[in-house]
Amino acid sequence: VQLQASGGGLVQAGGSLRVSCAVSGLIFRTNAMGWYRQAPGKQRELVADITSGGTTNYANSVKGRFTISRDNAKNTVYLQMNSLKPENTARYYCNTRPARSSWGQGTQVTVSS
């Protein structure tokens, strides 16, 4: 399984970013997917997930600001992040939900104050 995240970058607080993750090596449309993040010195945590049917769930800290979506035709999962805060700075990864043991390289999101 390959999980190729992209779209991260440096943004000011209050700004927006959309990160994408291209997935290969599995039947994407039948898998629930999640976005996870890991900040320096902290454990990796689940940010949002989406079922194969499109039902979404969010961590309380990002509800109302982040939106997860998927395009089964492109085998891609997205995370739209609005009203970003410095505490959202982390490396963001996608994986299945529950997560497989193998992780991609992720994409770095840095929010400046």
Side-chain angles (χ1 to χ4, degrees):
V1 176
Q2 291 193 334
L3 304 161
Q4 186 65 47
S6 61
L10 174 63
V11 63
Q12 288 188 330
S16 298
L17 273 178
R18 188 177 82 154
V19 292
S20 304
C21 182
V23 181
S24 60
L26 54 75
I27 304 174
F28 179 78
R29 68 180 183 279
T30 66
N31 277 269
M33 296 298 302
W35 278 100
Y36 305 76
R37 67 186 177 192
Q38 187 167 22
K42 295 188 177 181
Q43 288 191 332
R44 189 173 287 159
E45 63 176 350
L46 177 68
V47 175
D49 61 27
I50 183 166
T51 68
S52 58
T55 300
T56 58
N57 290 287
Y58 299 91
N60 286 336
S61 61
V62 306
K63 276 182 183 176
R65 298 188 298 119
F66 289 14
T67 302
I68 188 171
S69 61
R70 63 191 298 158
D71 186 336
N72 289 338
K74 295 182 178 180
N75 285 8
T76 300
V77 60
Y78 305 96
L79 185 68
Q80 175 69 45
M81 301 180 287
N82 298 329
S83 302
L84 281 161
K85 304 176 182 180
E87 52 263 41
N88 300 139
T89 294
R91 195 155 192 90
Y92 285 72
Y93 302 84
C94 76
N95 206 323
T96 54
R97 177 85 170 107
R100 295 170 177 253
S101 58
S102 176
W103 294 82
Q105 292 186 332
T107 187
Q108 178 67 35
V109 173
T110 303
V111 185
S112 62
S113 56

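Basis for what follows: all heavy atoms, side chains included, without hydrogens, waters or symmetry-related copies.
- Residues meeting the salt bridge (Lys or Arg N to Asp or Glu O under 4.0 Å) test with Glu87, sequence neighbours left out: none.
- Of all heavy-atom pairs between Ser101 and Trp103, the closest is O-CD1, 3.3 Å.
- When every heavy atom of Gly34 is checked against every heavy atom of Leu46, the shortest pair comes out as CA-CD1, 4.3 Å.
- Clustering of Ile, Leu, Val, Met, Phe, Trp and Tyr side chains at separations under 4.5 Å places Met33 together with Val1, Leu3, Val11, Leu17, Val19, Val23, Leu26, Phe28, Trp35, Val47, Ile50, Tyr58, Val62, Phe66, Ile68, Val77, Leu79, Met81, Leu84, Tyr92, Val109, Val111.
- Listed by first and then second residue, the disulfide bond (SG atoms under 2.5 Å apart) pairs that reach into residues 19-113 are Cys21-Cys94, sequence neighbours excluded.
- Residue Ser6 holds its OG atom at 7.0 Å from CD of Gln4, rounded to the nearest 0.5 Å.
- Applying the side-chain hydrogen bond (donor to acceptor under 3.5 Å, both in side chains) rule to Ser69 yields no partners; only residues at least two apart in sequence or on another chain are considered.
- Rounded to the nearest 0.5 angstrom, Asp71 CG and Arg29 CZ are separated by 13.5 Å.
- At least one donor-acceptor pair under 3.5 Å links the side chain of Arg91 to the backbone N or O of Gln105.
- Atoms OG and NZ, on Ser113 and Lys85 in that order, are 14.0 Å from each other to the nearest 0.5 Å.
- Around the CD atom of Gln2, the shell of radius 6.0 Å holds no more than 12 heavy atoms that belong to other residues, nucleotides or ligands.
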Working for side-chain contact (heavy atoms from CB on, under 4.5 Å), residues Arg44 and Tyr93 = CA-CA 9 Å; Arg44 189 173 287 159; Tyr93 302 84; 3.7 Å; yes
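- Judged by distance alone, the side chain of Asn95 and the main-chain N or O of Gly104 form no donor-acceptor pair under 3.5 Å.
- Other residues, nucleotides and ligands place more than 12 heavy atoms under 6.0 Å from the CD atom of Gln38.
- Here the CG atom belonging to Asn31 is positioned 8.0 Å from the OG atom belonging to Ser52, to the nearest 0.5 angstrom.
- Between the side chains of Asn88 and Arg65, at least one donor N or O lies within less than 3.5 Å of an accepting N or O.
- Checking Asp49, Asn57, Thr51 one by one against Arg97, the side-chain hydrogen bond (donor to acceptor under 3.5 Å, both in side chains) holds for a single residue, Asp49.
- Ser16 pairs by the side chain to side chain contact (heavy atoms under 4.5 Å, CB included) definition with Gln80, Asn82, not counting sequence neighbours.
- Listed here is the closest heavy atom pair of Ala90 and Arg37: CB-CB, 3.8 Å.
- With sequence neighbours excluded, no residue forms a salt bridge (Lys or Arg N to Asp or Glu O under 4.0 Å) with Arg70.
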